[in-house]
2 protein chains.
Amino acid sequence: MANNKVSMAVIRRLPKYHRYLKEMLENGINRISSKELSDIIGFTASQIRQDLINFGGFGQQGYGYNVEDLYNEIGQILGLVKTYNTIIIGAGNLGQALANFNFGSHGFKLEGMFDINPKVTGLRIRDIEIMDMDLLEEEIKNKNIDIAFICTNKDAAQSVADDLVKFGVKAIWNFTPVDLKINNGEIIVENVHLIDSLLTLSYFLKEK
Amino acid sequence: MANNKVSMAVIRRLPKYHRYLKEMLENGINRISSKELSDIIGFTASQIRQDLINFGGFGQQGYGYNVEDLYNEIGQILGLVKTYNTIIIGAGNLGQALANFNFGSHGFKLEGMFDINPKVTGLRIRDIEIMDMDLLEEEIKNKNIDIAFICTNKDAAQSVADDLVKFGVKAIWNFTPVDLKINNGEIIVENVHLIDSLLTLSYFLKEK
DNA sequence: AATTGTTTGTCAATTAATTAACTAATTGTA
DNA sequence: TACAATTAGTTAATTAATTGACAAACAATT
C-alpha cells in the first residue's frame, strides 16, 4: 500500500468512487470491472485503475474488483473508520441547514453549535444546543473537537479561525467566501466557496 | 480576445481573481503587478499572466494591471454583466439558507421557490413565495428562469432535473449528492457536492 | 487438464498544466 | 532626453495528469 504523494486530482475523485460503490452495494452488485465502473462513473477505465493503484490496487486480473472490499478500502483511505467530533460556528440559516444534514450518518458527530447572537443562543437544533461563543474554548477541549464548520459572515471568519486553531481544532470546513490565513501547517482547511461555484456556472452560461 | 478552449483549471480560478480584485478596489488599490498579486492570492506570477492571456491580456509592460479594469474584464468574462433569473427547488433548510444568501447582489435574482411539502408552500422567505411544484412549468416560462438551484433530497433530484430541462431552464446548480444525467448538452450543470468536500477533508485529517 | 476470454497492474506515450526564461514595451527618474 | 528599472506578453522547459498498450494472472468453459 504505497503512499508517496497522491495527487489532489486523485484524492478529489475518491468520494465519488465511494458514493457509487455504496450505491452498487445497495443494489446487490458484488463484482465490477474497471470497464464497467467507467461506464457508470464516467472516468476512463485506465484512470480508475491508475487511481486505485495509488493505494495499492485492490483488484484481481480476470475478475475485477469486489465491490464491498473496494468500498471498504476507499472508506478506510478516506478516514471513515473512526468518528470525528464536529461543531458549527455560526447558527444562521446555513449553520442550521448543515446541522440538519445529518453528517453523523457518515461518522461526523455534531457536538455543538455556537453563535454570538443572543436571539439564537439557547435554542436547540436536532437536540444540539446553540451556545455562546464564550464557551467555545471549553467545549472544544472537553469534547475533543476535530472539525469546525465555519458558517459565520465573512468578516468574522478569520478571527474565528484563529481561535479555533488556538483551541486545538484539527480541521476547518470553511463556508465563508474568504481564504483563511492559517500559519499552522498541520491544520486542514477545506473550502466550500459557493459564490465561486455560482460564478463558474455563470461563466459557462455566458459562453452559450 | 482569443477564446479557443480555456481549460477548466483556469476558469475555476477566475472567481478568486474577481474576489480579490474587488477587495483591492474597495481598499483603494488601483494598480497591481502579477508579482504583487501573486503574493496576495497565492498563484505564481507566471500563472496569473498565463491565465489572463487566455482572455486577451489586460496589462501593460512596466506598469502592471489596472485593478478596476481587470475587475471589470473578469466580471465580463464571468458573465456578470446581465442579471440572471433564478429559482430554488426544495425549500427545506438548505433551500431557505440559499434564499437568504442574497446572490441578488451578484446579479442572480431569486424569482421563486418550490416545494412539494404543503407545510411550507405559501410561506414567504425574503418576500419570495414558496410555491407548489405544480406551478413550476408556468413560472419558469413566464419569469424566463435561467438557473435553478436543486435543494431537494437526492431521490427527487433526477426527476426534478428532467422537468427543469423540459421547461426550459438553461443551467442547474445542484446541491444533491447525485450526478444528474442530462442529455441536452446545452444545459450547464454545476455541482456542490458537500459530502465529497467533507470526505476530502476527512482524507487529509486521517493522513496526519 | 487444456484452452479461451477477461481484466488487472504496469509501463510507455500522450496531452495538459505549470513554471521558468526571455524580450520588448513602458514607466519613472536623473 | 537618456537611461535604468519594471513588468507584461511570449515562448520554451518542466512537471503533472491522463490515456493507451500489453503482459501476466486469473476465471470460466470445454
Side-chain angles (χ1 to χ4, degrees), chain A residues 1-17 20-21 24 29-74 77 196 200 203, chain B residues 1-17 20-21 24 29-74 77 196 200 203:
Chain A
M1 208 164 290
N3 210 341
N4 24 343
K5 200 57 186 133
V6 179
S7 85
M8 189 56 114
V10 173
I11 295 161
R12 295 225 173 258
R13 279 192 292 267
L14 293 177
K16 190 162 172 178
Y17 288 120
Y20 276 83
L21 288 165
M24 284 173 212
I29 302 168
N30 45 31
R31 170 184 168 175
I32 190 125
S33 70
S34 58
K35 176 66 179 64
E36 292 168 312
L37 190 50
S38 169
D39 292 337
I40 296 168
I41 208 169
F43 308 146
T44 65
S46 185
Q47 183 167 59
I48 291 168
R49 295 202 299 276
Q50 289 281 21
D51 283 353
L52 297 176
I53 270 302
N54 276 284
F55 306 98
F58 311 107
Q60 184 122 91
Q61 282 129 317
Y63 176 87
Y65 299 87
N66 178 285
V67 172
E68 188 174 359
D69 289 352
L70 189 54
Y71 175 73
N72 289 332
E73 290 284 359
I74 292 179
I77 292 162
D196 289 18
T200 303
Y203 171 88
Chain B
M1 207 165 291
N3 209 342
N4 25 342
K5 202 56 186 135
V6 178
S7 86
M8 190 55 115
V10 173
I11 294 162
R12 293 219 174 263
R13 281 192 292 269
L14 293 177
K16 191 163 171 178
Y17 288 118
Y20 276 82
L21 288 166
M24 285 173 212
I29 301 167
N30 44 32
R31 171 184 166 174
I32 192 129
S33 70
S34 59
K35 177 64 179 62
E36 292 168 312
L37 190 51
S38 168
D39 292 338
I40 297 169
I41 208 168
F43 308 147
T44 66
S46 185
Q47 182 168 59
I48 291 168
R49 295 202 298 277
Q50 289 281 21
D51 282 355
L52 297 176
I53 271 301
N54 276 284
F55 305 99
F58 311 107
Q60 184 122 90
Q61 281 131 316
Y63 176 87
Y65 299 87
N66 177 286
V67 173
E68 188 173 359
D69 289 353
L70 188 55
Y71 174 74
N72 289 332
E73 290 284 359
I74 293 179
I77 292 162
D196 289 18
T200 304
Y203 170 88

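Throughout, protein chains are lettered first and strands after them, A, B, ... in sequence-line order, and every chain is numbered starting at 1. Here the structure is a predicted model, which is why all the values come from computation and not from measurement.
Following rounding to the nearest Å, A:Gln47 (CD) and C:dT8 (C1') show an atom-to-atom distance of 16 Å. Rounded to whole angstrom, the span from the CG atom of A:Asn54 across to the P atom of C:dT8 amounts to 16 Å. Nucleotide C:dT26 holds its P atom 16 Å from the CG atom of B:Asn66, rounded to whole Å. Here C:dG9 presents its P atom at 13 Å from OH of A:Tyr63, a figure rounded to the nearest Å. Distance, A:Ile53 CD1 to C:dT7 C1': 13 Å, rounded to whole Å.
The nucleotide whose nearest atom lies closest to any side-chain atom of B:Arg49 is, among C:dC22, C:dT19, C:dG9, C:dC22.
Place B:Lys35 and B:Gln50 on DNA chain D by their nearest nucleotides, and B:Lys35 ends up nearer the 5' end. Judged by closest nucleotide on DNA chain D, B:Ile32 is the one of A:Gln60 and B:Ile32 placed further toward the 5' end.
Interface remark: the B:Gln61 side chain does not form any donor-acceptor pair with the C:dT26 base, using a distance-only criterion of under 3.5 Å.
Side chain of A:Arg31 to backbone of A:Tyr63: a donor-acceptor contact under 3.5 angstrom is found. Side-chain atoms of B:Ser38 do not come within 3.5 Å of backbone N or O of B:Ser34 as any donor-acceptor pair.
Between B:Ser46 and C:dA20, a side-chain N or O to OP1/OP2 separation shorter than 4.0 Å is absent. Between C:dG28 and B:Arg31, a contact under 4.0 Å exists linking OP1 or OP2 to a side-chain N or O.
For DNA chain D, the contact window with chain A, defined by any atom under 4.0 Å from a protein heavy atom, covers D:dA17 to D:dA28 in 5' to 3' order.
Counting heavy atoms from C-beta on, the side chains of A:Val10 and A:Phe55 come closer than 4.5 Å. Put simply, the side chain of B:Met24 reaches to within 4.5 Å of the side chain of B:Ile40, judged on heavy atoms. Within the 4.5 Å cutoff, the side chain of A:Asp51 has heavy atoms near those of the A:Tyr17 side chain. A:Leu52 has its side chain within reach of A:Ile74: a pair of non-hydrogen atoms, C-beta onward, lies under 4.5 Å apart.
Considering B:Gln50, B:Arg13, B:Arg49 in turn, B:Arg13 is the only one that fulfils the side chain to side chain contact (heavy atoms under 4.5 Å, CB included) rule with B:Phe43.
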